[in-house]
Structure formats: C-alpha cells, structure tokens
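The chains referred to below are lettered A, B, ... by the order of the sequence lines, with proteins before strands, and numbering in each begins at 1. A quick note: this is a predicted structure, and the numbers were derived from the prediction, not measured. Values reported hereafter were calculated over all heavy atoms of this structure, with side chains retained and with hydrogens, waters and symmetry mates removed.
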There are 4 protein chains.
Amino acid sequence: MPSASSGPSAPRAREFRTPDASRRSERSRRAILDASMELVGEVGYNKLTIEAVAARAGVGKQTIYRWWPSKAAVLLDAFTTVVTNAEYEAGIPDTGDLEADLKQVLRATVDEFTDASFEAPYRALAVAGAADEELSKEFLERLMEPGMEVYTRRLRSAQEAGQIAEDIDIGLAVEMLLGPFQQRWLQRTGTLTHEFTDALVELVLRGLAPR
Amino acid sequence: MPSASSGPSAPRAREFRTPDASRRSERSRRAILDASMELVGEVGYNKLTIEAVAARAGVGKQTIYRWWPSKAAVLLDAFTTVVTNAEYEAGIPDTGDLEADLKQVLRATVDEFTDASFEAPYRALAVAGAADEELSKEFLERLMEPGMEVYTRRLRSAQEAGQIAEDIDIGLAVEMLLGPFQQRWLQRTGTLTHEFTDALVELVLRGLAPR
Amino acid sequence: MPSASSGPSAPRAREFRTPDASRRSERSRRAILDASMELVGEVGYNKLTIEAVAARAGVGKQTIYRWWPSKAAVLLDAFTTVVTNAEYEAGIPDTGDLEADLKQVLRATVDEFTDASFEAPYRALAVAGAADEELSKEFLERLMEPGMEVYTRRLRSAQEAGQIAEDIDIGLAVEMLLGPFQQRWLQRTGTLTHEFTDALVELVLRGLAPR
Amino acid sequence: MPSASSGPSAPRAREFRTPDASRRSERSRRAILDASMELVGEVGYNKLTIEAVAARAGVGKQTIYRWWPSKAAVLLDAFTTVVTNAEYEAGIPDTGDLEADLKQVLRATVDEFTDASFEAPYRALAVAGAADEELSKEFLERLMEPGMEVYTRRLRSAQEAGQIAEDIDIGLAVEMLLGPFQQRWLQRTGTLTHEFTDALVELVLRGLAPR
DNA sequence: AGGTAATCGAGACGGTACGTCCCGTCTTATC
DNA sequence: GATAAGACGGGACGTACCGTCTCGATTACCT
C-alpha cells in the first residue's frame with residue numbers, strides 16, 4: 001500500500017491509464033517548468049497554484065495533471081533542469097589543502113543559498129519534502145544526495161591521503177559539515193555567513209584529524 | 001469590506017479591536033487546542049483545516065480567528081501546552097561524564113522523535129516554520145531555542161570543568177551536535193537510531209577535546 | 001426508477017445538511033434570479049452556466065449550489081417571479097361569446113410566445129422539463145397547469161351555459177386547444193399566428209357544440 | 001488558436017475539406033450508431049458524450065467529428081436506421097371505418113411511446129430539436145413530418161369519401177389529433193393510454209363530421 | 001506490385017465549466 | 001461582549017468533455 005494516501009477521503013490514485021510519453025509535447029513541458037520557476041519566485045510556494053502555472057504557461061490544467069502528481073513534483077522537475085548535473089560532476093577541488101577546499105566550496109554554497117532566485121524554489125522543495133515522505137525520496141535522490149556525495153568523495157580522498165583519521169565514518173563527517181548548515185538555513189537558527197562556514201570547517205576538521 | 005489594507009492580496013492584519021482576554025472561554029480554548037492536536041495526527045498538517053478544528057471542538061470558526069492568527073499558531077499553542085516547560089527546566093544531567101550524559105539525552109530524544117504522537121505535530125510546526133519566516137520566529141523561541149539552550153548549558157559547564165578546549169565556540173558545538181540530528185529527521189537523510197547519536201556524540205567530542 | 005438520473009456516476013444527492021433558510025440573503029437571491037434571466041436571454045439555455053450566473057450576480061458559486069439543485073431550478077424560480085400569479089388569477093374573460101373570448105386570449109398568447117424575452121426562458125424550461133422527469137413536475141405545477149386551468153374554468157362555464165355539449169370531457173377539450181399550439185411552438189411544426197389560433201378555436205368548438 | 005472565425009465563441013464550421021465518403025468505413029459507422037443508441041438508453045441524452053460513444057464503438061473521436069456535426073446528428077442517424085421508412089410507407093389502414101382505423105393506429109403508437117427502448121432516443125431527439133432550431137429542421141423532416149403525413153393521407157381519403165366535411169383544413173385536423181398526444185408525452189401533462197387516444201379520436205372526429 | 005493519399009484508432013492538447021472544499025469575514029441569536 | 005452556528009464572496013481544487021491536432025498503422029485506389 002502506498003502509505004500516506006489512504007485517509008477517509010484519500011485523493012484517489014491518479015493516472016490509471018498512464019499517458020503515452022512518446023507523444024508528449026516538449027513545448028508544453030518546457031513552458032510549464034519555466035512558468036512554475038517564475039511563479040514560485042514571484043508568489044512563493046504556498047501561493048503557487050496549478051491554475052496559475054497553467055495560465056502562465058498557456059497550457060490546459062489537464063496537461064499538468066497528466067504528467068505530474070503534484071505541484072511539488074512539477075517544481076522538482078523545474079528545479080533539477082536548472083541545477084544541471086554538471087554542477088555536481090565537477091565535484092570539490094582537490095588542491096591537497098582540505099581545509100581550504102572545503103571552506104571555498106562552502107562559501108560558494110552560502111552565496112548560492114543567499115541568492116533569492118535559487119533559494120525560493122529550493123526552500124519550497126525542501127519544505128515540501130519535509131512535509132511529504134513520498135516526495136522526500138525524490139528530493140533526496142535528485143538534489144540532496146548528489147550534493148552530499150561530492151563531500152563524501154573529497155573527504156574520502158583526504159582520508160586516503162592520511163589527512164583524516166582512518167577510523168572516521170566519512171558519512172557521519174559529511175553530516176557534521178552539512179547538518180549545521182542546513183539547520184541554520186532551513187530552520188533559520190542562524191545566519192549563513194562565510195565566517196560561520198569557515199569556523200564550522202575548522203571545528204569539524206579538528207575532530208577528523210589523525211591522532 | 002474593510003478596503004485597502006496594504007497589498008492587493010495581503011493577508012490583512014486581523015483584530016484591530018483586540019478582544020477582551022478576561023472574558024475568554026477557557027473551555028473553548030482547551031477544546032480548540034485538543035482538537036487541533038487530534039486532527040494534525042489524523043490528517044497531517046496540510047489537510048488540517050480551521051473548519052475541521054472548529055467542528056471537532058464544537059466551536060464557531062470566529063472563536064479561532066479571534067484568538068489566533070493562523071492554524072500554525074493554534075498548533076504551536078497546542079503543542080507547547082503538551083511539551084511542558086518542565087522538560088527543559090530539568091536540563092541535561094551532569095554526572096561529570098560529558099559523553100555519557102550527551103548520549104543518554106540524545107538517545108531519549110531519538111525515542112521522542114520516533115513516537116508518532118510527538119512527531120506529527122512537531123514536524124508540522126517545523127515545516128510551517130521552514131516555509132514561513134514570521135512563524136519561524138515563534139517556533140524557534142518557544143521550542144527550538146529552549147531545546148538548544150540545555151545543550152549550551154551542559155557544554156559550557158564541561159568547558160569550565162576543562163573537558164572542552166577553551167577556544168571552542170560552544171554555540172557552534174551545539175549546532176554540530178543537533179544539526180546532523182535535525183537534518184536526518186526533518187529531511188529524512190537517514191534513520192534516527194541510538195547508534196547514530198552515540199557515534200555523533202563521540203565524533204563531536206573528538207573535535208572539542210582540549211589539545 | 002427515476003429514469004435518466006441513475007448512471008454509473010450519478011451526481012450524488014446534494015444538501016444533506018440543509019441550510020438555514022431564515023438566514024438566507026434576499027439580496028443574493030434576487031441578484032441570482034435577475035442574472036440568470038438576463039443571461040438566458042443573452043446566450044441561451046445550453047450555454048447558460050452557473051459560473052456565469054454567479055459572476056454576473058456578484059455571488060459565490062456555493063451560494064447558488066446551496067439553494068438550488070440545478071440551473072434549471074434557478075431559472076424556474078427566476079421565471080415564476082416574473083410571470084406573476086396575477087396573470088393567471090385574472091382568468092379568461094367571459095363575455096358570453098365563447099369563441100370570441102378564446103380567440104382573444106389565444107391571440108394574446110401567440111404574441112407572448114413571439115416575444116423573445118418571454119420565449120427564451122420559457123422554452124429553456126420546457127426543454128429542461130421534457131428532458132428531466134423530476135424537473136418536469138415542478139414546471140407543470142408552477143407554469144403549465146395554472147395556464148391550462150384558466151381554460152378549464154372558461155370551458156366549464158360555457159358548458160354550464162349550454163354552449164358545450166354535456167357529455168364533453170372538458171379536460172380533453174383543453175388539450176385539443178392547447179396541444180396543437182404547444183406542438184407548433186415547442187417542436188416548431190408550424191408558425192404561431194393569429195390565423196392559426198382562430199382556425200383552431202373554430203375547429204375545436206365545432207366538436208364541442210351541443211348536437 | 002484558429003483565430004477570428006466569426007463570433008467570439010461561434011462553433012466554427014468544421015470540415016472545409018469534406019471527407020471522401022467513398023472511403024468511409026462502414027464498420028465504424030455502424031459501431032458508432034450502435035454505441036450511441038446503447039448509451040442514450042443507459043445514461044440519457046444529456047450525459048451522452050462523444051467521448052463515451054467513441055470509446056464504446058472502439059473508434060477515434062475524429063471519426064465521429066469527421067462525419068457528424070453534433071451528437072444530436074449522430075443520434076438522429078442512429079434512430080432513423082432503426083425506425084425503418086417501411087414503417088411509414090405502410091401508412092394507416094383504410095378499412096373504410098375512419099374512427100376504427102385511427103383508434104387502432106394511435107393505440108399502436110401509444111404502445112410504441114411506452115416502450116423505453118424507443119422512447120429514450122426519440123425523446124432525446126425531440127428535446128434536442130426543441131432546444132436547437134437548426135437540428136429541429138432535420139428532426140422534423142426525417143421523423144415528425146413523415147409521421148404526420150400518414151395521418152394527412154388517411155384523413156384526405158376520408159374527406160374524399162365524404163366522411164369529413166369539405167371545408168375542413170386537414171392539416172389542422174392532424175394537429176388536433178397529434179398535438180394533444182405529443183403534449184401529453186413530451187411535456188408529461190398526462191399519461192398515454194388507449195382510453196385517452198380513443199376519446200381523443202372521438203372528440204376530434206366530432207368536429208370533422210359533415211354537418 | 002508499389003506508391004500514395006485518405007481514413008482510421010488513439011489520445012495529447014488548450015480550453016471551459018463542473019461541483020466541492022476551505023478561506024477569512026460577516027451576521028444572527030444565545031448566554 | 002464573547003460565543004456557536006453558519007451564510008456569504010471568493011479562489012483553487014482535480015475532473016470531465018469539448019473540439020482540434022498529431023501520430024503511426026491500415027486501407028484502397030491508381031498508376
């Protein structure tokens with residue numbers, strides 16, 4: 001049973017007859033994704049409506065409902081076509097100086113999360129994922145995990161170079177690096193600044209250093 | 001219609017004439033808080049409606065709108081009457097063994113966050129706070145910050161006892177402890193287990209130790 | 001079986017919780033009736049939509065659905081407040097000259113049915129009644145039967161005066177008078193003219209005369 | 001968008017390039033007519049949709065739109081292939097006894113109109129014709145007028161035989177016979193019984209008799 | 001027999017309206 | 001004056017069909 005969907009007035013499963021993807025209109029698809037990115041920036045996620053997206057995209061509502069199960073899913077698609085995978089493939093630079101590399105990347109990430117045009121849709125998705133377990137999986141797979149993976153690779157490389165103690169759980173180390181960042185951002189427990197990420201990197205690395 | 005408040009669709013400020021709190025019905029207040037706690041567990045935050053709360057509580061809708069600005073505010077009140085302040089006042093035990101004390105408290109916290117009747121409303125509030133900056137302040141002040149404060153006190157005490165290096169920023173240390181926890185929970189990047197929090201405490205303390 | 005209404009996706013009975021009629025807004029009621037009369041004249045019955053009526057009346061759709069089960073019911077109410085009962089109460093003049101009296105009234109009726117502002121809504125209702133048995137009852141009771149009743153009274157009076165044979169079934173006589181009229185009008189089997197109704201009266205009376 | 005055709009919402013003329021009738025699929029044509037007859041019986045005219053007909057017939061929607069201008073037109077075709085012209089060609093028996101002949105035919109007609117499988121589509125067409133002037137013409141030409149014509153012929157024959165006064169307008173006489181019948185049926189002003197038609201024939205003939 | 005042009009089944013598309021849900025405001029009668 | 005009740009204007013929901021369109025896959029005529 002697909003969990004969360006079966007309440008007393010469960011919104012019955014859509015799309016018994018799955019549509020024929022080969023006949024899908026690329027033009028409409030793009031228009032919908034573009035419109036939803038524009039609108040989420042203009043009015044925010046909660047006030048983003050399928051109706052407005054359809055109107056802005058010059059598209060029938062059914063065309064949205066035909067291909068996406070929810071407005072969150074639309075936005076996720078929209079966002080992931082913007083945040084190209086190229087971004088993740090580059091990975092974190094490896095100059096040999098772990099601390100400098102991490103600080104640099106985290107400073108860049110701070111800048112990114114401070115930019116409203118990136119922040120609005122990303123926050124919208126993070127929030128929707130936090131609220132809805134089903135959507136959460138998609139969000140993690142397509143955005144969060146690739147983001148965490150690059151750190152894992154860089155730390156693993158440092159561990160192999162002997163800059164990190166052998167008994168360290170790299171996965172946990174990544175969480176120590178990104179958890180505080182995410183918490184400050186998502187829950188607004190503090191401001192995102194370069195000073196913050198610098199200090200964070202330093203403190204985390206103190207715990208990772210070989211003894 | 002009470003025209004031109006601010007923006008075209010601004011959620012205009014309610015309650016110019018603030019109601020007379022001394023005449024407020026305690027009976028209704030309790031019924032509303034109880035009903036919202038019940039309902040958020042049954043249908044989730046997004047499907048929680050003021051109308052349903054009013055019906056369940058046997059209360060007019062206006063009685064809710066008179067005393068609270070939003071459904072999130074109702075839920076926040078409802079939740080904070082359940083999570084008694086007593087919980088925070090106790091603080092973290094101080095047996096002298098910092099690692100043991102932290103592990104114990106975090107294990108208890110894991111248990112709490114695994115209990116559905118606690119998790120549902122808390123997650124609802126966290127999500128609402130993540131989405132809405134205004135609400136976020138209330139949520140932080142009344143729930144998150146008191147929660148973080150007890151860790152701050154315990155770590156400060158350890159620092160004074162020389163168990164933590166003098167140059168450590170205790171605030172940051174608390175974030176390293178709770179950020180990964182919150183991230184796993186809120187964003188579902190991992191499961192909350194005692195093993196996880198144990199390992200987390202160990203790794204964090206490694207970075208805090210006096211050199 | 002109440003015929004046409006029970007398909008596989010029958011529109012489930014509305015209004016379990018019947019609204020409180022004493023709190024009904026007279027202002028909205030009038031606006032809805034006026035708007036529907038205007039619109040049926042402008043666009044015809046098939047293109048008349050609840051949505052347009054609500055918009056024109058400056059009313060929420062729910063306010064219509066709350067008080068009427070269908071657009072036909074709205075229109076029936078709208079029409080019957082225009083066609084005042086006074087019209088029927090007057091009855092057919094009784095000058096003693098049955099033929100002249102009938103001719104006069106039927107000529108007037110022809111004029112009425114030739115006037116577009118009367119014809120449009122009346123035809124709409126007749127059509128809707130022909131299609132839907134349920135609605136039909138209302139239509140008959142509130143419009144057709146009162147219309148036929150005045151003829152019944154006039155013919156009965158003539159029968160008592162000895163101008164109509166005693167063994168004549170007055171009800172059937174009325175049907176012979178109005179059936180051809182209605183058929184020409186509703187089914188468009190011919191044009192409605194004074195000549196037609198004059199000839200009709202003459203021929204019918206020929207059959208009613210005492211032998 | 002197929003710009004400026006005529007009015008803002010004019011149902012613009014389909015089929016500039018009229019299709020090649022010689023290549024038409026007889027198989028599809030039959031399937032469509034059968035499906036529409038089935039469906040009109042099951043769900044009624046208002047809930048009869050082109051989409052459902054196409055699905056039931058195993059046919060593309062375009063195949064319907066290619067050959068018929070509206071669902072009413074489809075149904076009219078469907079119905080007229082069932083009600084064979086043979087039925088009308090036979091005409092009304094002429095035994096010499098006009099009253100008996102008319103009573104017999106009208107009794108048979110009552111039976112026909114009481115049979116649901118005949119009544120449903122016929123009523124659908126009558127209603128559609130009443131609502132739509134354009135369609136009305138087709139309906140009259142192909143169904144009503146042939147039906148009235150047989151009465152005209154029989155009455156004319158009786159008039160020639162001296163059983164009907166010479167000055168009688170036969171057309172009007174037919175209307176007096178069928179108008180009340182149609183009114184009872186279409187508007188449900190009364191039940192269709194053999195007693196009714198018998199009495200109707202008698203009363204009408206009383207007016208037609210030579211003086 | 002092969003080419004080709006139209007019909008065919010299928011269904012995606014831009015739209016309109018549906019009937020429902022809930023919003024936040026308002027009105028009424030009760031306590 | 002706060003309250004329970006709920007009618008109100010309004011906005012969006014997700015669905016059903018409309019009539020048009022585009023896609024191969026047939027089909028039937030014409031070289």
For B:Arg24, look at atom CZ and say whether over 12 heavy atoms of other residues, nucleotides or ligands are found less than 6.0 Å away.
yes
Rounded to whole Å, how long is the line connecting atom NZ of A:Lys61 with atom P of E:dA12?
19 Å
Short side-chain N/O contact from D:Thr63 to OP1 or OP2 of E:dG9, under 4.0 Å
yes
Does F:dT3 have OP1 or OP2 under 4.0 Å away from a side-chain N or O of B:Arg66?
yes
Atom CZ of A:Arg56 and atom P of F:dA12 are separated, to the nearest Å, by 13 Å
Atom CD of D:Glu51 to atom P of E:dC13: distance rounded to whole Å?
14 Å
Send over the distance from C:Ile32 CD1 to F:dA7 P, rounded to a whole Å.
14 Å
Can you check whether any acceptor in the base of E:dT28 is under 3.5 Å from a donor in the side chain of C:Arg23, or vice versa?
no
More than 12 heavy atoms of other residues, nucleotides or ligands under 6.0 Å from CD of A:Glu42: is that the case?
yes
Atom-pair distance (NZ on A:Lys71; P on F:dG14), nearest Å:
9 Å
Take D:Ser28 and A:Gly60, find for each the nucleotide of DNA chain E with the closest heavy atom, and name the residue whose nucleotide sits nearer the 5' end.
D:Ser28
Check this one for me: any side-chain N or O of A:Trp67 less than 4.0 Å away from OP1 or OP2 of E:dC13?
yes
Between A:Phe79 and A:Leu125, is there a side-chain heavy-atom distance shorter than 4.5 Å?
yes
Please confirm whether the backbone N or O of A:Ala130 pairs with a side-chain atom of B:Arg123, one donor and one acceptor, at under 3.5 Å?
yes
When rounded to whole Å, the OH to C1' distance for the pair B:Tyr65 and F:dG6 reads 13 Å
Closest-nucleotide mapping onto DNA chain E: is D:Glu26 or A:Glu26 further toward the 5' terminus? I mean the 5' end.
D:Glu26
In whole angstrom, give the distance that lies between atom CD1 of B:Ile50 and atom C1' of E:dC23.
9 Å
Does C:Ala54 or B:Ala57 map to a spot on DNA chain F nearer the 5' end, using the closest nucleotide for each?
B:Ala57
Could you tell me the separation between the CG atom of B:Asn46 and the P atom of F:dA12, rounded to a whole number of Å?
17 Å
Can you tell which of E:dG15, E:dG14, F:dA5 lies closest to the side chain of A:Gln62?
E:dG15
C:Lys71 side-chain N/O to C:Tyr45 backbone N/O, donor-acceptor pair under 3.5 Å:
yes
